[in-house]
*Asks:* 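Okay, handing you the structure first.
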Protein chains: 2
Amino acid sequence: MTVSRAAEKSSEKPADSAKGRKDAAEVQGQGAAGEALQLGELSEQLGYVLKRAQLKVFENFLRCMASLQLTPAQFSVLLLVEKNPGRNQTEIASTLGILRPNFVAMLDNLESRDLCARIRSTNDRRSHILVLTDKGKAVLARAKKLVATKHEARLNELLGQANREALIAMLAKVASEF
Amino acid sequence: MTVSRAAEKSSEKPADSAKGRKDAAEVQGQGAAGEALQLGELSEQLGYVLKRAQLKVFENFLRCMASLQLTPAQFSVLLLVEKNPGRNQTEIASTLGILRPNFVAMLDNLESRDLCARIRSTNDRRSHILVLTDKGKAVLARAKKLVATKHEARLNELLGQANREALIAMLAKVASEF
DNA sequence: CGATATTTGATATGGTCCATAACAATTATC
DNA sequence: GATAATTGTTATGGACCATATCAAATATCG
């Protein structure tokens, strides 16, 4: 739940509510004890299936990248900096949907691992230009290979090339126009 | 070779820099100042587009449900309890991928709003049977209508009926087999 | 039977991600 | 030159997720 809404605090212990109360035995007769539950309409809920798919994909991504210790977010930063050298933190962060304050620690991490570097701009001495280090470029190159051969390849053998492209195209459309 | 990697016209120029650092002025010459950034391979990264789509969909879901104050997670709980009455907390939580400790506060919330109720089981007095209250059933019915007319309908006009079903089917496959 | 292990709901706690306010340094605006 | 806006940063709080632990109830097994 991205949007800030009412929290689920409710530090209150709900007692027996007379409303909606049923005899336990009555309800008990219905559900078969040990069997798997019926997902019902849930399996066609866009949000539900989207979220579960996203969790699985991230999980797989992390396994594929275990040797490089790169999270999806870190990988996206490296990709974007490589493609757009000479941009500052605000620009990189905002196009990734990362808020500037939260981007600081992330860059601290990448910079401490010598994967990218902040360079004080000469034009505008407030901003930090972002660049990949040589090590950062090398790591990113290896990461791309891992993603292509282990991660995206998995999607291909699951859906097929054509479906894979269709899926990504639809997701991109949803992400931009929904 | 699924992903369109390589083919980078990287007009890069690795300068001196013992640690991969560069002179700011040198880098500055490249990036056009105010223009939009190139997403590059990012727009074809499954995880990236999945995550952004999921955020957009959840955001839209919350807007559609604003009058009922239901989050996607809460909606999924109500749906599952309705479809599987007589199940206990552990069963409902686990099929939704929610850990039992985190499910407690969630149920406290729903129960405090009189949408569902915990009933002490007579067979196994450790467990709490979950049931929708009458109000819970009514709210869920209204929620379903809102989701169908405002939320899923949006997806239909964006992708079309056939593509919408294909998308959900592929996501379900990814969620279960990736 | 009774001792031990397991299960269920619950609490406490820590980590990560996300969002807002505020600040110093720098730059833009007038 | 005074004021406003921007950039990176810190501090902070909330939401979500994960683990350890507990009491009560049940299951297991000698």
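Any value given below was found using the heavy atoms of this structure, including those in side chains, with hydrogens, waters and symmetry copies removed. A, B, ... follow the sequence lines: proteins, then strands. Residue 1 opens every chain.
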*Asks:* Output, in order, the C-alpha distance, side-chain angles, deciding distance and verdict of ring-ring contact (aromatic ring centres under 6.0 Å, His included) for A/F75 and A/F61.
*Replies:* CA-CA 10 Å; A/F75 179 66; A/F61 184 97; 5.6 Å; yes

*Asks:* Could you state the CG-P distance from B/N102 to C/dG15, rounded to the nearest angstrom?
*Replies:*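 It is 16 Å, rounded to the nearest whole Å.
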
*Asks:* So, B/T133 side chain and B/L115 main chain: donor-acceptor pair closer than 3.5 Å or not?
*Replies:*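 Yes; at least one donor-acceptor contact below 3.5 Å.
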
*Asks:* Taking atom P of D/dG8 as reference, at what distance in whole Å does atom CZ of A/R120 sit?
*Replies:*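 Rounding to the nearest Å, CZ of A/R120 and P of D/dG8 are 9 Å apart.
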
*Asks:* Separation of A/D108 atom CG from C/dC17 atom P, in whole Å?
*Replies:*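 It is 14 Å, rounded to the nearest whole Å.
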
*Asks:* For B/L55 and D/dC16, what is the distance between atoms CG and P respectively, to the nearest whole Å?
*Replies:*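 Nearest whole value for this atom pair: 13 Å.
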
*Asks:* Assess the side chains of B/Q45 and B/E41: does a donor N or O sit below 3.5 Å from an acceptor N or O?
*Replies:*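 On atom types as modelled, these side chains do not qualify, holding no pair under 3.5 Å.
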
*Asks:* Just how far, in rounded Å, is P of D/dA24 from CG of B/N123?
*Replies:*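 So the two atoms are 22 Å apart, to the nearest Å.
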
*Asks:* Just compare C/dG9, C/dT27, D/dA24 and give me whichever is closest to any side-chain atom of A/D124.
*Replies:*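 Selected nucleotide (nearest to the side chain): C/dT27.
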
*Asks:* Is the number of heavy atoms from other residues, nucleotides or ligands within 6.0 Å of CZ (A/R142) greater than 12?
*Replies:*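 It does not: A/R142 CZ has 12 such atoms or fewer within range.
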
*Asks:* Consider the side chain of B/L99, meaning its heavy atoms from C-beta on, and name the nucleotide among D/dT9, D/dT19, C/dA19 that approaches it most closely.
*Replies:*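 The answer is D/dT19, which lies nearest to the side chain.
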
*Asks:* Can you confirm whether B/F178 sits close enough to B/K173 that some side-chain heavy atom of one is under 4.5 Å from a side-chain heavy atom of the other?
*Replies:*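 Sidechains of B/K173 and B/F178: no contact.
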
*Asks:* Could you state the NE2-P distance from B/H128 to D/dA25, rounded to the nearest angstrom?
*Replies:*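 Taking NE2 of B/H128 and P of D/dA25, I get 10 Å after rounding.
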
*Asks:* Report the residue from B/V57, B/L79, B/L96 that forms a side-chain contact (heavy atoms from CB on, under 4.5 Å) with A/Y48.
*Replies:*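 The single option meeting the side-chain contact (heavy atoms from CB on, under 4.5 Å) with A/Y48 is B/L96.
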
*Asks:* Which nucleotide, D/dT7, C/dA10, D/dA11, lies nearest any side-chain atom of A/P101?
*Replies:*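 Per side-chain heavy atoms of A/P101, the pick is D/dA11.
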
*Asks:* Can you measure B/M106 atom CE to C/dT11 atom P for me and round it to whole angstrom units?
*Replies:*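 Atom-to-atom, B/M106 to C/dT11, this comes out as 17 Å.
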
*Asks:* Say whether B/Q89 and B/R118, considering side chains only, have a donor N or O and an acceptor N or O under 3.5 Å apart.
*Replies:*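 A donor-acceptor contact under 3.5 Å links the two side chains.
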
*Asks:* Nearest to the side chain of A/Q89 - C/dG9, D/dG8, C/dA19?
*Replies:*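 Nearest nucleotide to the side chain: D/dG8.
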
*Asks:* Name the closest nucleotide to the B/R126 side chain, picking from C/dT6, C/dG9, D/dA18.
*Replies:*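 Out of C/dT6, C/dG9, D/dA18, the nucleotide with an atom closest to B/R126's side chain is C/dT6.
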
*Asks:* Under 4.0 Å, heavy atom to any atom of DNA chain D: which of residues 64-81 of chain A qualify?
*Replies:*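 Listed by number, there are none.
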
*Asks:* Rounded to whole angstrom units, what separation is found between the CG atom of A/N88 and the C1' atom of D/dT9?
*Replies:*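 About 14 Å, once rounded to whole Å.
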
*Asks:* Quick check for you: among C/dT7, C/dA10, D/dT7, whose closest atom lies nearest to any side-chain atom of B/R118?
*Replies:*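 Closest nucleotide to the B/R118 side chain: C/dA10.
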
*Asks:* Are B/T90 and C/dG9 close enough that a side-chain N or O sits under 4.0 Å from OP1 or OP2?
*Replies:*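 Yes, B/T90 has a side-chain N/O under 4.0 Å of OP1/OP2 on C/dG9.
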
*Asks:* Using heavy atoms to find the nearest nucleotide of DNA chain C for A/R125 and A/I98 separately, return the residue whose nucleotide is more 5′.
*Replies:*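 Final value for this comparison: A/I98.
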
*Asks:* Can you tell me which nucleotide in D/dT7, D/dA24, D/dT9 comes closest to the side chain of A/V104?
*Replies:*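 Selected nucleotide: D/dT9.
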
*Asks:* Any base atoms under 4.0 Å from A/R100, or only sugar-phosphate, or nothing? Heavy atoms, all strands.
*Replies:*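 Answer is base: heavy atoms of A/R100 come under 4.0 Å of a base.
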
*Asks:* A side-chain contact here means heavy atoms from C-beta on lying under 4.5 Å apart; do A/N88 and A/L130 qualify?
*Replies:*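 The answer is no, as the side chains (C-beta and beyond) never meet within the 4.5 Å cut-off.
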
